[in-house]
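A quick write-up on the structure given underneath.
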Amino acid sequence: MSLIRSPITGDAIREVADVTPAGLDDAFDAARAAAPVWRAVPPTERGRLLVEVGRRMRARIDEVAELETLNTGKLVADTRREAERAAGCFEYYGGYADKVVGSVIPVPGPFHTYTLREPYGVVAGIIPWNVPYFFAAKKIAPALAFGNVSLLKPAQETPLTALLLGEIVAEVLAGAGLPGGIVQVLAGGGELGRALVSDPRTDMVVFTGSARTGAAVGSAAAAHFAPAALELGGKSPQLVFADADLDAAVAGVVEGIVGSCGQMCIAGSRLYVQAAVYPQFLDRLADRVRGLRVGDPRMAGTQVGPQVTQAQADKTGEYIARGQADGGRLIAQAELPTAPELAGGYWVPPTVLADVDPKSPLLQEEVFGPVLAVDRFTDEVDAVELAHRTRFGLAAGVWTGDPGRAHRMAAALRVGTVWVNTYRILSDLVPFGGVGHSGYGREGGADAVGLYTWTKSVWLATDPGVPSTYGKG
Ligand code: NAD
């Protein structure tokens with residue numbers, strides 16, 4: 001059993017039964033039995049069922065957002081948007097289900113040669129605690145659309161909305177007379193995740209989480225030759241040039257680090273500002289951070305909620321202390337809430353530090369909290385060099401009024417996503433993923449077809465007299 005607590009107050013919300021090893025065995029049996037059944041459902045019909053799931057999800061957006069906020073401590077505005085995106089994800093991949101095609105290849109000789117896209121079978125999806133409902137949708141919908149079945153494990157801290165999504169999908173599939181094994185949401189912790197990805201009954205793995213766990217997941221999957229996509233963490237830079245709209249840049253930089261109380265893989269946790277505007281930018285940034293309203297994420301007007309667990313809040317506090325010990329000058333810090341009913345919550349003040357030693361863990365490791373380290377740069381070359389001073393490569397923000405510079409920077413940065421004059425914008429229509437320690441594989445858009453299917457090549461001799469060794473080698 002896992003006791004689920006709300007990070008807003010520290011109060012217990014619910015107990016959730018964790019899946020036992022015997023339960024996992026049953027889940028594999030059900031998934032493997034369901035795989036050929038689901039695969040045989042015509043893609044157009046699969047698509048219709050996914051769109052129906054999306055419709056039912058839309059009808060429950062308020063309920064989901066409320067539960068997600070209670071469990072994760074994220075602002076209702078965020079959890080609502082994520083619930084809408086999750087429904088959209090089912091609609092998008094529902095529409096995509098019957099648009100996956102192979103190709104005919106004009107090889108020389110008397111052959112009709114073509115490719116087919118094949119589903120893997122049982123896809124294990126593992127997700128972190130920061131965006132449970134949307135990530136569950138993002139793992140389940142494309143897997144199903146392209147003919148796979150899904151075993152989805154949410155994080156132990158935040159399983160509630162993923163379990164709810166599992167119920168919504170099961171309801172729709174059962175209504176169509178399909179077996180329950182097509183989608184199963186399995187509650188549990190790291191041990192269950194390890195067992196899931198190590199088991200040869202898993203045909204493919206899609207993982208979102210930390211780099212450290214991602215490395216273990218990649219190895220465990222490789223040991224039985226299951227392909228894995230790893231969406232890992234980041235240490236993303238925000239680069240502000242002197243020619244940028246500085247008001248927009250301040251707003252984007254702050255939103256990029258305090259959103260979800262910093263618990264975003266894409267958090268823009270390193271800020272580099274061109275020297276000519278550095279002092280004035282820092283002043284504006286400091287004003288804005290000091291004025292942030294940290295508090296109950298269910299209340300209108302709150303801008304920053306708590307961290308997900310006390311352990312995460314403690315860890316972020318340790319990074320702040322370490323950053324200061326490594327030369328960091330405190331530029332600004334927001335006030336924490338004082339309301340007695342929030343005293344048990346997991347609060348961390350949004351914090352800006354300047355002049356931190358580049359080798360400090362604060363500048364090298366992912367904090368996953370609202371902590372921004374700032375420094376200055378001279379020109380484009382310097383900005384790119386600073387941006388690349390980390391092993392991660394998930395995202396970067398560029399703020400400039402010069403379109404040519406925007407394209408030069410987008411080309412030069414070794415990251416999976418570059419935002420120019422905006423930040424934290426995402427869509428299922430657009431591929432997403434990282435390079436380096438931010439992982440590999442791309443979810444989203446057409447890339448999801450390549451992720452969730454493999455290519456089979458078929459050669460058919462059109463001349464019965466063709467020798468079997470024709471063109472060999
Ligand atoms: P985590 O890596 O600790 O856990 C992620 C998931 O893996 C959880 O469900 C956990 O139970 C499971 N797990 C733990 N050990 C496992 C093992 N040995 N084998 C299989 N599964 C195992 O991450 P977290 O602390 O829950 O989440 C925060 C991390 O997620 C951050 O690093 C963040 O950057 C990353 N993240 C990445 C993205 C992205 O899209 N790139 C998005 C959001 C979060």
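Remember, it's a predicted structure, so these values are computed and weren't measured experimentally. In each ligand, atom 1 is the first atom listed, and ligand 1 is the first ligand listed.
Applying the salt bridge (charged side-chain N to carboxylate O under 4.0 Å, His left out) criterion to Arg322, with sequence neighbours excluded, gives Asp326.
By the 4.0 Å N-to-carboxylate-O rule, Glu68 lies too far from Lys74 to be salt-bridged with it. With salt bridges taken as basic N to acidic carboxylate O contacts below 4.0 Å, none links Glu82 and Arg85.
Scanning both residues, Leu196 and Ala124, for their nearest heavy atoms gives CG-CB, 3.8 Å.
Using a 30° and 60° split on the angle between ring planes, Tyr93 and Tyr96 fall in the parallel class, below 30°.
In summary, the aromatic rings of Trp129 and Phe368 are positioned with their centroids under 6.0 Å apart.
Annotation: ligand 1 has protein neighbours Ile126, Ile127, Pro128, Trp129, Asn130, Phe135, Lys153, Pro154, Ala155, Gly189, Gly190, Gly193, Arg194, Phe207, Thr208, Gly209, Ser210, Thr213, Val217, Glu231, Leu232, Gly233, Cys265, Glu366, Phe368, Leu394, Phe432, each with a heavy atom less than 4.0 angstrom from the ligand.
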